[in-house]
Amino acid sequence: MLVVGCLVATAPVAAVSAGAAADAPAPSADAPASLGTVDRVSAFGPTPGPLQQTANATNNSTGVLHENPDEVDDENELDRLLSYLSGELNGDIGASTLQLSQGEYAAAKAALGDDYDDSLGKYIDVEGEVGGDGASGEYQTVSETQREYVDTVSEFRETRREYEAARRTGNDERARELARELTRLAEDGETQSDRLLEAFDVISNRTDGDLAESSAQIADVQANVSEQRDEIVSREFVATSLTVADYDRNISFTDPLVLSGSLVADNGTPVETATARFAVGGQTVQSAVAPDGSFELTYRPTRIPVSTESLTVRYLPDDASMYQATERVVPVAVSRVNATARLSEPSAPAYGYADAVSVRATVSVNGTPVSNYPVSASFAGSSATAPATNESGESAVSATVPATATDTASIRIAPDGDGRAVAFAPATIAVPLETEGTTLDVRARETADRTVVVEGRLETDEGEAVSGQSVAVSVNEREVAVTTTGESGAYRTTIDLPSGVTAENATVSVAFDGEGTNLESSDAMASIRLSNGATGDEAGNGASGGLPFDPLDLAWVVAGTAVVGLVAAVLLRRNGADDAGAATVAESAATESDEPAEPEQATTEASALDSAADALDAGRPNDAVVVAYAGVRQSLGAAADVDDAATHWEFCDRCVDAGVAPADPLESLTAGYERAAYSGLSVSDADAAELVETAHSLVAPDESGAPESADSGDGAGASEPVGPVE
């Protein structure tokens, strides 16, 4: 019932029946019928409001009420809430299909954007509370498929325009290539539209809504696409037919299908080609074609089921060919053949955590390679990568050593599927392993009275991040929490100090237990940095409103561009300074020609990272990322000899080229800074903390006691791994 208190409990749906859209401005008479030629001044254009396709008389209450979750326990109220949410979703679907029918593709996708996803998330939660047979799965299908379908239709229209341009210029070869692309897009559209119509039917049956109008719009759009495709195909290509002579229907890998026949145009003249490609049983077979159109092809069944009773043989013309594809169905009876699989020996004498392991798998029948055969592979209980076999019957199997691989683990391959025409017994090969040492660091920071953020990173002695491992946190040798390392090896948790313990006399220790892994145990300890250790201004009473690192210094540290000055101004405004002061910061960053007094570098770097941590504690993740980036720029700029006027990506490239910073973390921080400073989007608390941790590793990679980052203060006992930056 947790989500219900955040939702509308009395379901005041502004429901409009499917027919209510008649009040909206109607599209021009030729718009739906000639979608390929729609030209809009704006991508979104003037559009009617969201089309609500739910007609439910019980939803016409007035006012939106928010209720306590404990009070929203009546089944009728939950049902009304579910009906309200389905009405919201149906309205978004209706708006999207309407925009699609009018050729407004950007608007059609936007209608199924964040609002739709938000309503869907709530619908799923409430459906779970009700325990009924709702339509969440179909709403999710619509979310994914309709966006894909909009892209398909949009691409079809654009390709149609290119096709018409090629025809006007007399480029027949290019026109035929584009005609085949239009055929592919139309087939994709048929598949996607069928899936949407099925989902609309289920939604209409399981909810109060009626998506009949959306179904009609989708059907009309696809009919228009298919009609245009058929017209182009008949204009560009010569129809062909495929004839097949008598053959032996009993086939296997060792007794392949041999087909002879002829390939001719509909008027009986031979197809003018020296070779032809045929698709048979998931494979492509090439055959010579005689001047009279006769051919002979050989197909060895490998991946098709032994239960297969017929095969479709499809002629595949080249993209620039004047001929149309054609196919013939041939009955068969398939027998299974057993193959042999072998694995090569690993190349290294031993492998440790996160090392890449690669071996070669070979599948053959009595020395004959089995090509295009799908295999599955695993290593130490985890999946490994193994593509289908090549023409030599080989597949390159690759894996990364997980922490759970101990002693001598094995790589194993097996057929990817049962009941195929070719089968083989699983094969394994042992991989020798070795144990690696680990390094664990810790920082502890008081964020409120008796609340402490503990964070750090777990790595191997070779610098590999160790993810997904438990780290025990203790205060004065008493365990108080267990947290888990994220993808970068970072961990963070918020703890309450035990009774009788104060931050001044407490020692925080962390420990990783490597038992059951190929990693050695490690531990670390640190004293707690106190929150009251700063002066009044540093604590947030100065002009920066909670940023002890002066935004004027930020503008100097980050670069000499006007944009960075604007970022500093944004920080000022966000923290309560007047607009005049903010404008002064922006102007000083953009116009100042005299070199400012240079602060002592180490102090500036520490101040930046301290400020980033304070911003995290205060719930300002975007500010934290911007200021952390400033500290890194100050730290690395001189070493890489990067001019202050360099953009953030120029700065990143030059630092990497100069060898003063590894590419991956600096690129992640730069991308995060770009999002935080310029995109207008919010950086999540977890991502911001990860970026601050990345900044710390770039500024002081070898100092476990470097300035701390902190989490957002979600509350005592909160614990979560630090995930990768999106």
Could you check E198 against T141 for side chain to side chain donor-acceptor pair (under 3.5 Å), going step by step and ending with a plain yes or no? CA-CA 10 Å; E198 291 174 4; T141 295; over 6 Å; no
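- Side chain to side chain, Y139 and N90 meet the donor-acceptor criterion of an N or O pair below 3.5 Å.
- The environment of N205 atom CG is dense: over 12 non-hydrogen atoms of other residues, nucleotides or ligands sit within 6.0 angstrom.
- At least one donor-acceptor pair under 3.5 Å links the side chain of R420 to the backbone N or O of R303.
- Taking 4.5 Å as the limit, some side-chain heavy atom of R147 sits within range of a side-chain heavy atom of L112.
- One N or O on the side chain of T308 and one on the backbone of P305 form a donor-acceptor pair closer than 3.5 Å.
- For the pair T97 (side chain) and I93 (backbone), a donor-acceptor distance under 3.5 Å is present.
- A donor-acceptor pair under 3.5 Å links the side-chain atoms of S668 to the main chain of D664, judged by distance alone.
- Under the 4.5 Å side-chain criterion, counting only non-hydrogen atoms from C-beta, S260 is not in contact with F295.
- When all heavy atoms of V289 and A276 are compared, the pair lying nearest together is CG2-CB, 3.6 Å.
- Heavy atoms of other residues, nucleotides or ligands lying less than 6.0 angstrom from CG of D418 number 12 at most.
- Within 6.0 Å of CD on E158 lie more than 12 heavy atoms contributed by other residues, nucleotides or ligands.
- Ring to ring, Y299 and F278 are not that close: their centroids are 6.0 angstrom or more apart.
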Derivation of the side chain to side chain donor-acceptor pair (under 3.5 Å) call for Q469 and T485: CA-CA 5 Å; Q469 298 301 308; T485 57; over 6 Å; no
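- Nearest heavy atom pair, residue R336 against residue G419, reads NH2-CA, 3.1 Å.
- L666 places a side-chain heavy atom less than 4.5 Å from the side chain of V656.
- Of the possible polar contacts, one joining the T460 side chain to the E464 backbone as a donor-acceptor pair under 3.5 Å is found.
- Side chains of R360 and R342 form no contact here, defined as non-hydrogen atoms less than 4.5 Å apart.
- Annotation: F237 is not in aromatic contact with Y323 [ring centroid separation under 6.0 Å not met].
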Please assess S358 against S398 for the test side chain to side chain donor-acceptor pair (under 3.5 Å), listing each intermediate value before the final yes or no. CA-CA 4 Å; S358 180; S398 58; 5.8 Å; no
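- Between A339 and V363, the shortest heavy-atom contact is CB-CG1, 3.9 Å.
- Side chain of T389 to backbone of Y373: a donor-acceptor contact under 3.5 angstrom is found.
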Decide salt bridge (Lys or Arg N to Asp or Glu O under 4.0 Å) for E236 and R167; before the verdict, give the C-alpha distance in whole Å, the side-chain angles of both, and the deciding distance to 0.1 Å. CA-CA 10 Å; E236 291 294 333; R167 277 183 54 82; 3.0 Å; yes
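- Between Y149 and Q222, the closest side-chain pair of non-hydrogen atoms falls below 4.5 Å.
- Around CD of E227, the count of heavy atoms belonging to other residues, nucleotides or ligands within 6.0 Å does not exceed 12.
- Taking a 6.0 Å sphere around CG of N366, one finds it holds 12 or fewer heavy atoms contributed by other residues, nucleotides or ligands.
- Between the side chains of D292 and S294, at least one donor-acceptor pair of N or O atoms lies under 3.5 Å.
- The closest side-chain heavy-atom distance from F512 to S470 is not below 4.5 Å.
- Side-chain atoms of F424 and N338, non-hydrogen and from C-beta on, never get closer than 4.5 Å to each other.
- Judged purely by atom type and a 3.5 angstrom limit, S287 uses its side chain to pair as donor or acceptor with the backbone of E296.
- Side-chain contact between L263 and T326: present, with at least one pair of heavy atoms (C-beta onward) separated by less than 4.5 Å.
- Remark: E164 does not engage R168 in a salt bridge, criterion side-chain N to carboxylate O under 4.0 Å.
- For the pair R174 and A166, the tightest heavy-atom approach, listed with the atom from each and the gap, is CG-CB, 4.0 Å.
- In this structure, the side chain of S321 does not engage the main chain of P317 through any donor-acceptor pair within 3.5 Å.
- A 6.0 Å sphere centred on CD of E434 holds more than 12 heavy atoms belonging to other residues, nucleotides or ligands.
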Worked check of side chain to side chain donor-acceptor pair (under 3.5 Å) between N224 and Q228: CA-CA 6 Å; N224 182 263; Q228 293 182 23; 2.7 Å; yes
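- In this structure, D172 does not pair ionically with R176, as no charged nitrogen and carboxylate oxygen lie closer than 4.0 Å.
- R300 places no side-chain N or O within 3.5 Å of a backbone atom of P256 that could act as its donor or acceptor partner.
- Across all their heavy atoms, V142 and L196 have their closest contact at CA-CD2, 4.1 Å.
- In this structure, the side chain of S234 engages the main chain of E231 through a donor-acceptor pair within 3.5 Å.
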